[in-house]
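Quick notes on the structure that follows.
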Protein chains: 2
Amino acid sequence: MPTPQRHPARSAPQRAPLTRDEVIDAAAALVRQHGPQALTMRRLAAELRTAVTSIYWHVGNRESLLEALVERTVRELGDIRPRGTTPRARIVSVARALRRELLARPHLVAMVHERGLTERMFHAAQQALAREAHAAGLRGARAAEAVRAVQFSVIGQVLIERNRERSPQQRPAEPGWWEHDPADTDPALVRALAAPPDPEKVFTATIRALVDGLLPISDSPLPTPRQSARTADRTAPPRTSRGRRA
Amino acid sequence: MPTPQRHPARSAPQRAPLTRDEVIDAAAALVRQHGPQALTMRRLAAELRTAVTSIYWHVGNRESLLEALVERTVRELGDIRPRGTTPRARIVSVARALRRELLARPHLVAMVHERGLTERMFHAAQQALAREAHAAGLRGARAAEAVRAVQFSVIGQVLIERNRERSPQQRPAEPGWWEHDPADTDPALVRALAAPPDPEKVFTATIRALVDGLLPISDSPLPTPRQSARTADRTAPPRTSRGRRA
DNA sequence: ACCTGAACACCGTTCAAGT
DNA sequence: ACCTGAACACCGTTCAAGT
């Protein structure tokens with residue numbers, strides 16, 4: 001796209017008057033494309049082809065601008081709809097949706113977190129999870145526990161996953177870490193902990209295990225409108241060795 | 001302690017020659033006391049009563065200084081010793097120790113995370129958890145799953161807890177959030193999710209529930225040297241309603 | 001080997017002044 | 001109501017120069 005004027009508007013009519021939303025849009029684009037450190041008032045002004053001080057007129061200062069940006073991100077993460085026929089499947093689906101949304105905007109999520117709004121960002125998901133916990137038969141503090149456990153696991157896992165992306169090599173794991181301990185000669189465990197090949201798969205497995213542990217076990221699905229074959233296959237897998245053995 | 005010279009060493013012998021460790025110590029102190037944003041090269045120089053450029057001679061640049069700081073933090077978090085007689089109790093103890101250590105240096109932990117070293121920071125704890133998972137009878141990928149689930153939950157919960165501290169009022173929860181949904185009329189749940197009065201208690205409860213779900217259930221403790229009454233009381237609480245009901 | 005001040009290119013923010 | 005340049009106090013970093 002050819003820019004009609006490459007000098008910052010000398011004597012020509014300098015485009016439509018700037019709006020607050022335009023400023024926030026440009027700021028979001030800057031963060032998404034070049035990371036949070038690229039969002040300086042001066043660079044933003046250059047991007048918008050205005051004087052720095054114009055921006056101050058519209059958004060007050062950098063702090064308020066970030067606040068607005070964060071506010072928008074929180075809103076974007078607002079609608080998370082559970083899918084599936086059983087509470088278990090629906091909780092897992094919320095967790096996966098949450099993960100996808102978070103990974104789609106890592107910079108903005110980091111900024112939300114830095115500004116102390118993590119909890120608000122997760123409130124929609126929390127409500128959905130609470131509903132499912134209730135549907136699964138959990139009540140009161142017990143249900144809250146389950147909601148939090150899922151929520152925290154998702155956040156923790158996503159944070160680490162994003163972290164791993166950023167620094168691809170975690171410095172080859174200091175040789176002789178595991179070997180010196182004779183108690184855990186479990187090569188499969190060591191291998192599994194080394195580097196998950198498919199983060200999404202690992203994520204889902206972890207959440208599923210967690211939900212299994214949190215929900216009261218009911219092998220018969222709740223009464224639902226109809227039973228979809230697509231969800232049923234992964235919904236009630238054969239019980240593994242985790243069952244009670246007294 | 002009276003400072004013998006309050007001007008930056010005019011013609012007097014300007015104290016023992018600066019060392020790299022001194023610089024890192026001062027940087028750590030600055031971060032711990034005034035937060036990460038207070039760690040500027042110039043302020044650090046002022047604190048050390050030297051020229052800014054001396055610091056550059058010792059640590060290269062700001063980036064390397066932060067790296068050294070982070071390296072030290074990772075080392076400090078290195079030794080985590082499990083306590084208790086059953087794998088369950090020992091895993092919970094690791095989680096609690098981890099939480100305590102992380103909350104003790106929130107700024108530095110945030111910096112470690114920003115520099116992509118979260119995983120390395122948690123490696124000692126991970127090893128301890130893996131050992132306990134093995135002791136509890138889990139093997140291979142299944143054990144890795146359990147280790148990760150606990151790890152992620154701790155990280156997630158600590159991050160949120162720290163977040164909540166920073167912004168004490170999460171904007172009174174937008175009235176009419178829960179009410180419009182008739183499905184979940186569980187006032188106890190809503191109350192429990194609103195604001196945990198004792199984060200430590202909530203934390204322990206969550207981790208305990210999680211571990212219950214992850215470990216194969218065994219009501220008899222493993223054979224240990226001797227059974228301590230101090231740990232036994234909280235180690236095997238009466239089984240709650242989570243048991244199998246087929 | 002260690003320290004120094006001057007200088008450069010960047011910040012966020014304020015202010016008086018324009019239209 | 002909206003935009004502007006100049007100026008202030010801060011950054012990180014480099015460099016030539018001291019001892």
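Quick note on labels: first sequence line is chain A, next is B, and so on, each numbered from 1.
- Using a 4.0 Å cut-off between charged side-chain N and carboxylate O, B:E47 and B:R42 make no salt bridge.
- If you find the closest nucleotide of DNA chain C to B:I55 and to A:R43, the one lying nearer the 5' end belongs to B:I55.
- The side chain to side chain contact (heavy atoms under 4.5 Å, CB included) test applied to B:R191 returns B:P187, B:A188, not counting sequence neighbours.
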Show which side-chain atoms of residues 101-108 of chain B pair as donor or acceptor with protein atoms under 3.5 Å away, not counting sequence neighbours.
residue, atom, partner, partner atom, Å
B:E101, OE1, B:R105, NH1, 3.3
B:R105, NE, B:E76, OE1, 3.1
B:R105, NH1, B:E101, O, 3.0
B:R105, NH2, B:E76, OE1, 3.4

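- At C:dT4, none of the side-chain N or O atoms of B:T50 fall inside 4.0 Å of OP1 or OP2 (strictly under the cut-off).
- Considering only residues two or more places apart in sequence or on other chains, A:R62 meets the salt bridge (Lys or Arg N to Asp or Glu O under 4.0 Å) condition with none of them.
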Compile the donor-acceptor pairs under 3.5 Å between side chains in residues 152-160 of chain A and protein atoms, sequence neighbours left out, one pair per line.
residue, atom, partner, partner atom, Å
A:S153, OG, A:A149, O, 3.2
A:S153, OG, B:S153, OG, 2.6

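- Rounded to an integer number of Å, the gap from A:W57 CH2 to D:dC3 C1' is 10 Å.
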Report summary line: Each base of DNA chain C marked ( ) or [ ] if paired in-strand (Watson-Crick or G-U under 3.5 Å), | if paired to another strand and . if unpaired gives ||.|||||...|||||.||
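- The distance between atom CG of B:L39 and atom C1' of D:dC11, rounded to the nearest whole Å, is 12 Å.
- In this model, the phosphate group of D:dC11 is approached by a side-chain N or O of B:T40 to a distance below 4.0 Å at OP1 or OP2.
- Contact check for B:E67 versus B:M111: no side-chain heavy atoms found under the 4.5 Å cut-off.
- Considering only residues two or more places apart in sequence or on other chains, B:R148 meets the salt bridge (Lys or Arg N to Asp or Glu O under 4.0 Å) condition with none of them.
- Checked against side chain to side chain contact (heavy atoms under 4.5 Å, CB included), A:A27 has the following partners two or more places apart in sequence or in another chain: A:L39, A:L44, A:L65, A:L69.
- In this structure, CG of A:L44 is placed 9 Å from P of C:dG12, rounded to the nearest angstrom.
- In this model, the phosphate group of D:dC3 is approached by a side-chain N or O of A:H58 to a distance below 4.0 Å at OP1 or OP2.
- Atom-to-atom, CG of A:D21 to C1' of D:dC2 comes out at 17 Å; the value is rounded to the nearest Å.
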Requested in this report: For each nucleotide in nucleotides 13-19 of chain C, reading 5' to 3', give B when a protein heavy atom comes within less than 4.0 Å of its base, S when such contact involves only the sugar-phosphate, and - otherwise.
Outcome: BBB----
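- Residues forming a side chain to side chain contact (heavy atoms under 4.5 Å, CB included) with B:A68 (at least two apart in sequence, or on another chain): B:R20, B:I24.
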